[in-house]
Enquirer: 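First, the structure itself, so that you have it in front of you.
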Protein chains: 2
Amino acid sequence: MLELRLVQGGLLKKVLEAIKDLVNDANFDCSPAGFSLQAMDSSHVALVALLLRSEGFEHYRCDRNLSMGMNLNNMAKMLKCAGNDDIVTIKADDGADSVTFMFESPTQDKISDFEMKLMDIDSEHLGIPEAEFQAIVRMPSAEFARICKDLSTIGDTVVISVTKEGVKFSTRGDIGTASIVCRQNTTVDKPEEATVIEMEEPVTLTFALRYMNSFTKATPLASQVTISLSSDLPGVVEYKVAEMGYIRFYLAPKLEEDEIETQVEARPQVDIRPKAETKRKVEAKPKVETKPKLEIKSEEEREPQVESMVVETKVEADLMDDE
Amino acid sequence: MLELRLVQGGLLKKVLEAIKDLVNDANFDCSPAGFSLQAMDSSHVALVALLLRSEGFEHYRCDRNLSMGMNLNNMAKMLKCAGNDDIVTIKADDGADSVTFMFESPTQDKISDFEMKLMDIDSEHLGIPEAEFQAIVRMPSAEFARICKDLSTIGDTVVISVTKEGVKFSTRGDIGTASIVCRQNTTVDKPEEATVIEMEEPVTLTFALRYMNSFTKATPLASQVTISLSSDLPGVVEYKVAEMGYIRFYLAPKLEEDEIETQVEARPQVDIRPKAETKRKVEAKPKVETKPKLEIKSEEEREPQVESMVVETKVEADLMDDE
DNA sequence: CTGGGGCGGT
DNA sequence: ACCGCCCCAG
């Protein structure tokens with residue numbers, strides 16, 4: 001039996017708006033620690049990881065771990081029927097093939113029940129190793145969204161370059177070039193306007209703007225966004241979900257044209273894809289891949305001490321390093 | 001070397017939004033007097049003249065006259081990336097084949113650089129004679145925009161009729177007719193709400209609404225619009241650009257059906273088109289043209305005293321009678 | 001002036 | 001689904 005009561009129903013609406021364009025179907029995993037989701041986008045280039053901690057719910061009952069496969073578009077459709085400050089309750093019986101969303105208007109005058117069929121989705125739970133990043137940029141989420149949108153009117157990719165002084169976003173396209181520099185700035189009136197750069201060493205990476213623009217759908221969730229970069233890891237774009245957890249988007253960097261020949265094979269291969277998937281791709285395309293793929297190991301491929309981090313304890317592991 | 005620094009970057013954004021639908025490519029002319037543009041729309045029916053006086057810029061450096069051919073859509077795309085109260089700097093080296101737009105956020109935390117390729121556009125600088133108009137209407141720009149939009153749902157052309165009492169806009173279409181009269185009104189709370197008519201003699205002219213509606217894209221620039229009419233001249237729709245200059249749109253009146261036969265040849269031919277262009281059209285279509293064409297002489301065709309008004313001094317001449 | 005919400009078009 | 005548009009509120 002599962003029963004999760006969330007006072008700020010609007011949060012869940014925004015969460016679904018943020019991920020439904022990237023991922024069609026995904027399993028929501030419920031454990032005593034929280035409500036979470038991990039899924040790759042349909043082209044296997046980006047990965048979304050959502051966590052809503054149990055403490056963030058007004059009421060959280062989860063008798064045993066449950067994985068519920070949902071069509072995110074359909075779920076979003078139902079959640080759209082909730083008011084922004086309705087109280088949302090998610091209910092499912094163990095082993096049931098459906099989930100119920102209940103919306104209570106703030107005045108309790110209106111109670112809505114939506115029932116949605118669950119789907120059987122086979123996706124392995126991917127272990128995402130915690131990594132040290134060479135640079136972490138925190139900046140206003142709206143500003144980041146604006147930059148990605150603006151740059152995508154000029155080019156298809158963004159080069160993000162972090163130095164101590166600031167972060168530079170640049171692109172190039174048929175009509176010209178663009179370069180936007182945001183300086184570190186911690187002396188602002190409101191903390192949500194700050195731009196903070198934590199940097200161990202300068203990093204320059206290239207990403208597809210198409211995905212970045214998808215990620216910025218999460219902008220309404222948080223006033224700040226965190227961009228974490230290392231030269232040999234997928235970039236991470238993270239939005240906090242108020243008091244509850246986060247949505248993280250992982251995106252493999254594109255190789256610069258002149259890097260492709262020399263570096264693609266030398267890179268540490270940390271592959272996030274499930275084994276079968278990885279094999280198939282490799283067999284199908286034995287050549288150098290210029291299309292970026294996320295490189296994080298799947299659970300089975302990881303080191304023994306990680307291997308032991310089974311699904312039941314995994315969410316807690318994630319919790320530890322949040323915030 | 002050219003370097004123009006404009007504190008109200010939003011103005012330039014609005015200027016481009018106002019003209020980019022009418023003109024695809026045009027030369028911006030920089031002289032010590034200011035930053036200006038003259039261009040005909042692609043169907044050679046309307047003409048846009050923009051002037052931004054050098055005094056309106058915070059910093060204006062223009063070592064020598066420069067004509068920069070730009071694709072206005074691409075320029076508008078780049079300017080859209082500026083915030084409305086960013087400071088905009090336009091930079092170009094003499095003889096360079098590109099121009100740079102720099103945007104500084106009000107807080108200076110964000111600096112954007114956009115570089116755009118210039119194009120080679122051969123357009124003659126058209127001399128637009130200053131004329132006396134039989135009637136000049138000044139009215140709220142939003143009201144004029146609304147009228148043009150409303151009338152274009154009924155018909156394709158607007159008949160503008162000015163008398164001492166007011167100005168009448170009327171149209172006729174398949175579904176019926178419409179007529180909107182605005183009375184002169186100078187006793188208003190705010191000066192921007194006034195409707196003022198300066199009239200020497202009554203005028204009635206017909207214009208294509210399609211162009212009028214294009215012109216009203218400039219509405220955000222100014223709270224008032226000036227419509228200047230004479231029976232034998234193109235109509236002029238003018239929007240002031242705050243403290244800096246103006247955008248003027250010239251549009252040839254349509255001949256009323258019953259006027260075409262009797263008047264078209266009798267009209268004073270003041271043709272704005274470059275000579276070659278004029279010739280070609282005439283050769284191609286020796287018949288009576290029912291499509292209106294702007295009738296202002298090009299530089300070479302004009303009278304001696306106008307002839308001497310060469311490009312260098314021309315902007316200043318425009319300045320004289322502005323305001 | 002910006003942000004948000006709603007709308008209508010493409 | 002996206003974007004531009006319009007209105008309102010803060």
Side-chain angles (χ1 to χ4, degrees), chain A residues 8-11 13-14 16-24 41-43 46 71-77 79-86 139-154 156 188-190 192-193 208-225 239 242, chain B residues 6-14 16-22 72-73 76-88 103-107 109-110 140-150 152-153 210 213-223 242:
Chain A
Q8 293 179 73
L11 279 187
K13 292 179 66 167
K14 287 181 195 152
L16 263 106
E17 292 305 310
I19 59 182
K20 77 175 164 61
D21 291 336
L22 211 53
V23 179
N24 290 324
D41 85 294
S42 33
S43 56
N71 175 301
L72 300 189
N73 267 293
N74 293 343
M75 181 176 174
K77 270 189 196 171
L79 288 173
K80 272 192 189 159
C81 303
N84 276 332
D85 31 41
D86 280 7
M139 64 186 290
S141 60
E143 193 167 332
F144 177 64
R146 172 72 195 261
I147 289 168
C148 291
K149 186 163 78 72
D150 283 349
L151 291 188
S152 63
T153 66
I154 311 286
D156 297 328
V188 284
D189 298 346
K190 302 166 200 159
E192 63 264 33
E193 290 169 0
L209 278 165
R210 177 179 152 222
Y211 290 99
M212 286 293 170
N213 275 318
S214 262
F215 302 165
T216 61
K217 296 277 195 299
T219 303
L221 278 166
S223 60
Q224 292 242 310
V225 64
Y239 297 84
Chain B
L6 180 59
V7 176
Q8 294 180 71
L11 279 186
L12 203 58
K13 292 179 67 167
K14 287 181 196 154
L16 262 106
E17 290 308 307
I19 59 181
K20 77 174 164 60
D21 291 336
L22 210 54
L72 300 190
N73 266 294
K77 265 191 195 174
M78 291 192 170
L79 289 173
K80 272 192 188 157
C81 301
N84 277 331
D85 32 40
D86 280 5
I87 299 168
V88 171
F103 312 140
E104 301 165 63
S105 71
T107 58
D109 291 333
K110 184 174 149 194
S141 59
E143 192 168 333
F144 176 63
R146 175 68 197 261
I147 289 168
C148 291
K149 185 161 79 73
D150 285 350
S152 62
T153 66
R210 172 174 158 230
N213 274 317
S214 261
F215 302 165
T216 62
K217 294 280 196 309
T219 303
L221 276 167
S223 59

Enquirer: Tell me the interatomic distance from B:Asp85, atom CG, to C:dG3, atom P, rounded to whole angstroms.
Expert: 11 Å
Enquirer: Over how many whole Å does the gap from A:Glu143 atom CD to C:dC1 atom P extend?
Expert: 18 Å
Enquirer: Please report the C-alpha distance between A:Tyr239 and A:Ser223 in whole Å, then the side-chain angles of each, then the deciding distance to 0.1 Å, and finally whether the side chain to side chain donor-acceptor pair (under 3.5 Å) criterion is met.
Expert: CA-CA 8 Å; A:Tyr239 297 84; A:Ser223 60; over 6 Å; no
Enquirer: NA contact type, A:Lys217, heavy-atom cut-off 4.0 Å: base, sugar-phosphate, or nothing?
Expert: sugar-phosphate
Enquirer: Donor-acceptor check, side chain of A:Ser141 to backbone of A:Ala222, threshold 3.5 angstrom: yes or no?
Expert: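 At least one qualifying donor-acceptor pair exists.
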Enquirer: For B:Arg146, which residues count as a side-chain hydrogen bond (donor to acceptor under 3.5 Å, both in side chains) partner, sequence neighbours excluded?
Expert: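 Per chain and number, B:Arg146 pairs via side-chain hydrogen bond (donor to acceptor under 3.5 Å, both in side chains) with B:Asp150.
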Enquirer: Between which nucleotides of DNA chain D, read 5' to 3', does contact with chain A run, using atoms under 4.0 Å from its heavy atoms?
Expert: D:dA1 to D:dC2
Enquirer: Going by side chain to side chain contact (heavy atoms under 4.5 Å, CB included), name the residues that satisfy it together with B:Ile147, two or more places apart in sequence or in a different chain.
Expert: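 Per chain and number, B:Ile147 pairs via side chain to side chain contact (heavy atoms under 4.5 Å, CB included) with B:Met139, B:Glu143, B:Leu151, B:Phe169, B:Ile180, B:Cys182.
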Enquirer: Within this structure, what is the CG-CG distance for the pair A:Asp41 and A:Asp21, rounded to the nearest 0.5 Å?
Expert: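 If I round to the nearest 0.5 Å, the distance is 11.5 Å.
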